[in-house]
Structure formats: structure tokens, C-alpha cells
Amino acid sequence: MEEKKNRNAAKDFFCGILLVLFGIYVIIDSLNMKVYNTFLDAPGFFPTIIGGVLVVLGAVLAFIGFKLGGAKELKEVCNGAFLKQFITSDSTIRVVILVAMMVVYIYVLLGRVHFIIATSIYLIANFLYLKATKQWWLGIIIAVAMSVIVFYAFKLGFGITMP
Amino acid sequence: MSEFLKQLSLVGQAAGGVFELSNLLIVAGAVLLGLVVGAIPGLTGTMALALLINLTYKLPSDQAVAFMLGVYVGAVSGGLFSAIMLNIPGTPNAAATALDGYPLAKSGKGGKALFGGVFASCLGTLLSVVIMMVATPFLSKIALKFGKWEMFLLALFGITICGNLSVDCSPLKGWLAGFIGFFVAMIGVEAIYNSARFTWIPSLRSGVELIPALIGIFGIAEVLSVLQDRTPFQVNSDMGTILPDKEELKSLLRPLLRSSLIGCGIGAIPGAGEDIAAWLSYSTGKSRDKDKANFGKGSFAGLACSETANNACIPGAMIPMLTLAIPGSTQAAMFLAALNLHGVQPGPMLTVKAPAFMYTVGLTLAVAAIVMVALALVLTKPMVKILQINRKVLMPIIVSLTVVGAYASRSNLFDVKLMLVFGLIGFFLRKMNFPLAPLTLGLILGKTADTNFRQSLTMGGNVLTRVVGDILLVVVVYSLVSGAIKTIKGVKEDLGGTKG
């Protein structure tokens with residue numbers, strides 16, 4: 001329980017710092033936007049306020065995280081065995097691989113090869129990695145069948161043609 | 001009297017469309033789809049709407065509305081199947097349902113609990129629809145008096161109150177999520193001078209499309225969360241009979257009435273949503289109900305509290321959405337996006353441009369709720385089979401459906417890429433314990449807040465002399481102060497725990 005609380009404090013501290021930096025970027029970028037009439041109706045006026053709010057609230061979040069031991073916890077997390085444990089943990093590796101497969105599917109395959117082929121490759125890779133079916137060939141059959149069904153169901157049923 | 005007759009004729013006009021056979025069939029099919037998607041652990045009501053919005057692109061707007069509302073009602077209730085039979089809420093709003101539903105299932109009353117839950121959901125929706133149909137015309141008249149300053153304050157109020165009510169995190173994080181949403185809405189060409197803002201790549205000039213962003217935040221983030229967890233689950237197959245007896249039905253009456261009011265009220269608060277309604281209603285029942293001693297041990301009243309409230313929230317969420325274009329929940333936000341897609345613009349002018357639309361929504365929700373009970377009578381036992389679907393097979397297929405959903409709105413591959421980016425942002429924010437409802441609300445209300453704020457400041461006149469605006473300003477300040485107090489209290493408690 002205590003460990004979870006410390007971990008949450010570390011998350012708050014980390015996010016707070018990140019939001020302060022992001023808020024500063026938003027303010028700088030907004031102040032560089034063109035002023036047409038007065039600053040009150042300039043395109044950068046409202047984003048400047050948003051940036052300001054992100055800086056202030058982010059700083060408060062970081063301060064709360066710091067007070068609750070977040071900075072100390074974050075330091076330990078970044079230096080110690082925890083980072084190694086986190087990086088090599090089963091769930092982290094799984095998420096990274098799943099995201100990588102999504103990136104390849106959406107950024108590399110879609111638009112370059114037909115939707116049915118791209119989707120089949122993505123689904124087969126997922127099923128094999130997740131050991132989703134007892135027999136590997138069953139995964140391939142489901143993947144290809146689903147890709148064809150999705151493509152034609154949307155094309156014929158709803159007039160949506162995927163690339 | 002003439003006003004009453006006018007409203008009555010609008011009800012009649014709406015009923016003519018709603019009770020058309022094609023619309024009724026669409027509602028029935030949509031409720032079934034919603035129930036199925038909502039029943040699968042990991043698929044929320046928002047995700048159901050995000051995935052199934054694809055199916056409405058080619059439908060006429062009245063049928064699209066019928067379909068989306070049917071899915072909405074079905075998906076919110078669908079979560080009770082896995083909550084009761086697996087002790088895993090299919091949707092977050094069914095989490096309180098599991099507290100009494102699962103013990104009931106373990107004692108062989110799973111069938112009764114499932115039907116009782118669906119029945120409570122139906123009555124909750126119906127009672128809330130009545131409140132919605134009475135309240136909305138009055139609120140619309142007030143909304144017509146809102147100027148630009150008031151619209152800005154409403155948008156601000158939306159994210160502050162939504163942040164305050166976020167479950168499991170401090171209001172501070174809710175507000176931050178809301179302002180991140182505001183920032184995302186700033187991306188693209190702004191409305192007053194057509195000036196580009198934060199357009200790091202040319203494709204961002206048209207801004208962040210709402211539907212791909214929402215599909216990413218709720219779809220991709222959900223898939224990653226579900227697949228990260230390898231916990232297997234087992235279905236309790238002994239369900240017993242379905243129909244509750246007279247005594248059990250009688251015990252539902254009080255919680256039904258109380259929870260309908262709570263659900264509808266919470267629904268009307270921007271961004272608050274079904275989860276908060278269900279928990280608030282459950283905790284109220286636990287402190288006030290005759291059967292409070294049995295809450296958490298398998299009480300039908302406890303089950304009715306959460307199930308009635310989460311469904312009563314749906315018509316409640318429609319009140320601010322229809323009158324002010326501010327969704328009462330993330331599901332309502334998805335519905336709002338679908339309406340925009342079909343050229344329906346909710347807001348103060350809706351009652352002028354399409355006065356019968358509000359009644360169409362109300363009657364469709366009522367039909368969907370009744371259809372749901374009929375479907376539950378026939379399908380409760382087969383529905384439990386759906387819970388056994390292998391999530392490792394289902395989730396990757398859902399990714400391919402999210403791709404179709406993101407692509408279909410503009411036939412643009414950039415939207416699919418954007419969806420993935422928002423999916424990763426949503427997943428990161430979730431892991432960092434940020435609530436996603438204020439983020440969604442910020443995304444939807446950002447442009448309204450920006451344009452109205454700047455225009456109100458340059459239009460001349462003192463904005464602080466407007467009565468409606470002043471009332472809203474007080475409400476915003478109050479919600480900020482109460483949120484700040486809540487945050488400080490939480491920090492003090494944590495500090496006490498850390499020192500102790």
C-alpha cells in the first residue's frame with residue numbers, strides 16, 4: 001500500500017515536471033503567433049492562458065508529488081534495480097511489442113499494401129505472439145477470415161472502402 | 001396551455017418517426033449489439049459507440065440516431081453480465097454492480113440478478129427520460145439567453161466540475177487533463193483569423209478530428225490495458241431461474257426511484273458520467289436503504305442502486321448535450337460526435353431549428369430500454385456464453401475495427417495515424433492516473449471556449465455586469481475552490497499516511 005502510494009507520488013512528480021516544460025513551450029509558441037488587432041483576440045491569447053495554467057497546475061502537481069516523496073522515489077526508480085525490473089518485466093515487454101506491431105500495421109503496412117493483406121499480417125503476428133489459439137494454423141485462418149470479413153462487410157454493407 | 005399543446009404535438013411528431021418499423025428494428029439490433037459489446041470485459045460503452053459509429057456513416061440521420069442510442073443503452077447495461085457472472089465489470093460503470101451481483105451469482109441466483117439488473121436499468125432509463133423531456137425545454141429557453149461570455153464560462157465549468165468528480169484521482173489531475181484537452185483543440189486553423197496554430201506538420205492544419213482522437217483514447221488505450229493483464233477468468237455457469245419473485249421485485253422499488261433521480265442528476269453534470277452515478281447511488285443506498293445491512297453480500301436493492309443509476313444517467317447526460325452541446329458523459333460525447341457527423345448541431349438553437357429532436361431522443365431511449373428487457377428475457381442465458389470469448393483473439397480484431405472507424409469519417413489515412421498517437425497518449429495518461437473524461441470534454445469544448453472567450457473580450461461592454469454570466473462565474477469559482485479544498489485534503493491525508 002505504502003509502496004503504491006510512493007509510486008503514485010513519483011508519477012505525479014514526473015508528470016508535473018513534464019507538464020511545466022510543456023506549458024512553457026505552449027506559452028513561448030503562443031506568444032510568437034501573429035497579433036492581428038489586439039492581443040485579446042489574437043490567435044495566441046487563449047493558448048497562452050492554457051500554457052500558463054499547465055505551468056501553474058503542473059508545478060502544483062510536481063510539488064505535491066515531491067512532498068509525498070515522489071522525487072526520492074523517482075530517483076530510486078531511475079537508478080536502481082526497479083528500472084531494470086520494469087524494463088524486463090513481462091507486461092512492459094508485452095505492451096512494447098503490441099505497440100510496435102500497431103505502429104508497423106498503421107504506419108508501414110496500411111496504404112502500402114491492400115487492407116486485407118495488412119490486417120492479416122497484423123492479426124497473424126498478434127495471435128502468434130499472444131498464443132491466442134491452441135493451434136497456430138487456426139490463428140492464421142481466423143486472421144485471414146476476419147480481414148476479409150471486415151473489408152467486405154464495410155465495403156458492401158456500408159460503402160466504406162479501406163485502402 | 002398553448003405551450004403545452006405545442007410540446008404535445010412535437011411529441012406526436014417525434015413518435016411518428018421513432019415508431020416506424022425500420023427504426024424499431026434498428027433500435028432492437030443496436031441494443032443487442034450494445035449488450036454484447038458491453039458484456040465483454042474491457043469493452044466500455046464509449047468503446048462500443050466508437051467502434052459501432054462506423055455502421056452509421058451511410059444511414060439517414062434519424063436511423064443513425066436510433067442506432068447510436070440503442071447501442072448506448074445496451075452497452076451501459078451490458079457491463080452487468082460480466083460484473084455478475086465473472087466479478088469483472090464489463091464496463092467501469094458496472095463496478096458497483098459486481099459488489100452485490102457476484103455474491104448473488106455465487107449463491108445460484110445469477111439468472112435473477114441478471115434479469116433484475118436489466119429490469120432496473122430499464123426503469124431507470126424510463127424515469128430519467130420523463131425528467132429529461134420535462135426539463136430540456138425549460139433549459140433550452142435559458143440556454144437561448146447565453147452569450148459568448150456565458151458559453152466560455154460553461155466550457156470552463158464543464159472541465160472544472162468534471163475534474164472535481166473524477167473517480168480515484170484528485171481534482172487537480174482532472175483539471176490538468178481538461179486543459180490538455182483544451183490544448184489539443186487549439187491545434188489547427190483557428191476560427192477568427194484563419195491563423196494556423198501548433199501545426200507541426202501540414203496535415204494538422206485541419207485540426208484534430210474528434211472521432212479518431214476519441215477512438216484512440218478509448219479504443220487503443222483499452223486494448224493495451226486489457227492485453228497487458230494476463231489474468232484468466234472463469235464463468236459461473238449455474239444461473240438458476242431468471243425471473244425474480246414478488247418480494248425481490250418489491251425490494252427494488254425504493255432504490256429504483258431514488259437511484260433514477262441520482263442518475264439523472266449526475267448525468268446532467270458535464271462529463272460526470274455513469275461511473276460516478278452508479279457509485280454515488282450505491283453509497284447512498286448503503287447508508288439509507290432498508291436492506292443496507294445486506295449491501296455487498298448479495299442484495300437485490302444494492303444491485304438495483306447501481307444499475308438504475310448508471311442507465312438513468314443516459315437521459316440525464318442528454319440534457320446539457322442537447323441544450324448546450326456539452327456532453328454529460330464520455331458516451332454522450334461520442335454520441336455528440338456522431339450527431340455532428342450527421343449534420344445535427346445540438347446547442348441552444350436546436351429547439352428552434354429541430355424542436356422535435358429532443359423528443360425523438362427521449363422516445364428512442366425509452367424504446368431501447370423496453371426492447372432491452374424483452375431481449376434479456378430471451379437472451380440472458382446465451383449471453384453468458386459471450387463472456388467466454390478469448391480476449392487474445394478479440395482485442396487484435398478490435399484494433400482493425402478501430403482502424404476502419406478512424407479512417408471511415410474522412411477516408412484519410414492520417415486520421416488512422418492520429419488515432420494511434422491518441423491511443424498511446426490515452427494509455428500513458430491512464431497509467432499516470434489521469435482521468436480521461438475531462439480530457440475528452442476539453443477536446444470537445446476547447447474551440448468553443450477559445451472563440452467565445454476572445455470574442456467576448458473584444459466585443460465591448462463589461463462582461464461582469466451580465467447576470468447569467470455572473471451566476472456562472474460564481475459556480476465556476478465555487479467548483480474551483482471546492483476542488484482545491486478536496487485536493488488539499490487528499491494531500492494532507494496522504495502526508496499523514498506517509499509520516500505515520
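All chains are named by letter (A, B, ...) in the order of the sequence lines, taking the proteins before the strands, and each is independently numbered beginning at 1.
Annotation for B/Phe427: atom CZ counts as buried by contact number, over 12 foreign heavy atoms lying within 6.0 Å. For A/Phe63, the CZ atom is loosely surrounded, since the number of other residues' heavy atoms within 6.0 Å does not exceed 12. The number of heavy atoms from other shown groups lying within 6.0 Å of CZ (A/Phe66) does not exceed 12.
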Legend entry - Worked verdict on B/Arg197 versus A/Met33 for side-chain contact (heavy atoms from CB on, under 4.5 Å): CA-CA 8 Å; B/Arg197 299 185 293 198; A/Met33 286 174 194; 3.6 Å; yes
Inset, instruction - Apply side-chain contact (heavy atoms from CB on, under 4.5 Å) to A/Leu123 and B/Ile397, showing your working. - result: CA-CA 7 Å; A/Leu123 291 179; B/Ile397 292 171; 4.2 Å; yes
Inset, instruction - Start with the C-alpha distance between B/Lys173 and A/Asp12, add both sets of side-chain angles, then the distance that settles salt bridge (Lys or Arg N to Asp or Glu O under 4.0 Å), and finish with yes or no. - result: CA-CA 9 Å; B/Lys173 283 181 134 176; A/Asp12 288 354; 2.5 Å; yes
Inset, instruction - Apply side-chain contact (heavy atoms from CB on, under 4.5 Å) to B/Tyr193 and A/Asp41, showing your working. - result: CA-CA 9 Å; B/Tyr193 292 107; A/Asp41 74 347; 2.6 Å; yes
Inset, instruction - Assess whether side-chain contact (heavy atoms from CB on, under 4.5 Å) is satisfied between B/Arg454 and A/Phe39, documenting all intermediate values. - result: CA-CA 9 Å; B/Arg454 288 191 285 145; A/Phe39 185 61; over 6 Å; no
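Put simply, the side chain of A/Ile106 reaches to within 4.5 Å of the side chain of B/Met419, judged on heavy atoms. A/Leu130 is listed as a side-chain neighbour of B/Pro396, based on a closest heavy-atom distance under 4.5 Å.
Heavy atoms closer than 4.5 Å to chain A are found in the side chain of B/Leu401, but not in its backbone. Proximity to chain B is absent for every atom of A/Ala118, based on heavy atoms less than 4.5 angstrom apart. At a 4.5 Å heavy-atom cutoff, B/Ala191 makes no contact with chain A through either its backbone or its side chain. Both the backbone and the side chain of A/Met162 come within contact range of chain B, each with at least one heavy atom under 4.5 Å from a heavy atom of that chain. Residue B/Ser411 does not touch chain A at all, counting heavy-atom pairs closer than 4.5 Å. Of the two parts of B/Phe434, only the side chain, counted from C-beta on, holds a non-hydrogen atom closer than 4.5 Å to a non-hydrogen atom of chain A. For chain B, the nearby parts of A/Ser91 are the backbone and the side chain; heavy atoms of each come within less than 4.5 Å. Only the side chain of A/Val150 has a heavy atom closer than 4.5 Å to any heavy atom of chain B. Only the side chain of A/Leu19 comes within contact range of chain B, with at least one heavy atom under 4.5 Å from a heavy atom of that chain.
Chain B forms more heavy-atom pairs under 4.5 Å with one residue of A/Val99, A/Leu57, A/Ile142 than with any other, namely A/Leu57. Ranked by heavy-atom pairs under 4.5 Å with chain B, the first of A/Ile64, A/Thr92, A/Thr119 is A/Ile64. With respect to chain B, the highest number of heavy-atom pairs below 4.5 Å among A/Gly16, A/Ala42, A/Gly23 belongs to A/Ala42. With respect to chain B, the highest number of heavy-atom pairs below 4.5 Å among A/Leu61, A/Ile49, A/Leu98, A/Thr133 belongs to A/Leu61. Between chain B and the options A/Ala132, A/Gly51, A/Pro43, heavy-atom pairs under 4.5 Å are most frequent for A/Pro43.
Of the inter-residue distances, the one linking A/Ile116 atom CD1 with B/Ser400 atom OG reads 11.5 Å to the nearest 0.5 angstrom. A distance of 14.0 Å separates CG of A/Leu54 from CH2 of B/Trp175, quoted to the nearest 0.5 Å. Once rounded to the nearest 0.5 Å, the distance linking CG of B/Leu429 with SG of A/Cys15 reads 7.5 Å. Interatomic distance, B/Glu190 CD to A/Phe45 CZ, rounded to the nearest 0.5 Å: 13.5 Å. Note: B/Gln228 CD to A/Arg94 CZ = 7.5 Å, rounded to the nearest 0.5 Å. Interatomic distance, CG of A/Leu110 versus NZ of B/Lys417, reported as 9.0 Å (0.5 Å rounding).
Listed by first and then second residue, the ring-ring contact (aromatic ring centres under 6.0 Å, His included) pairs involving residues 88-116 of chain A are A/Tyr105-A/Tyr122, A/His114-A/Phe151 (not counting sequence neighbours).
A perpendicular orientation is assigned to the rings of A/Phe46 and B/Phe152, their planes being inclined by more than 60° (bins at 30° and 60°).
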Run the side-chain donor-acceptor check on residues 178-189 of chain B: report pairs under 3.5 Å with partners two or more places apart or on a different chain.
none

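The only option from B/Val403, B/Thr402, B/Leu224 that meets the side chain to side chain contact (heavy atoms under 4.5 Å, CB included) definition with A/Met102 turns out to be B/Leu224.
Between B/Lys431 and A/Lys11, the shortest heavy-atom distance links the atoms O-NZ, 2.8 Å. When every heavy atom of B/Leu413 is checked against every heavy atom of A/Gly111, the shortest pair comes out as CD1-CA, 3.5 Å.
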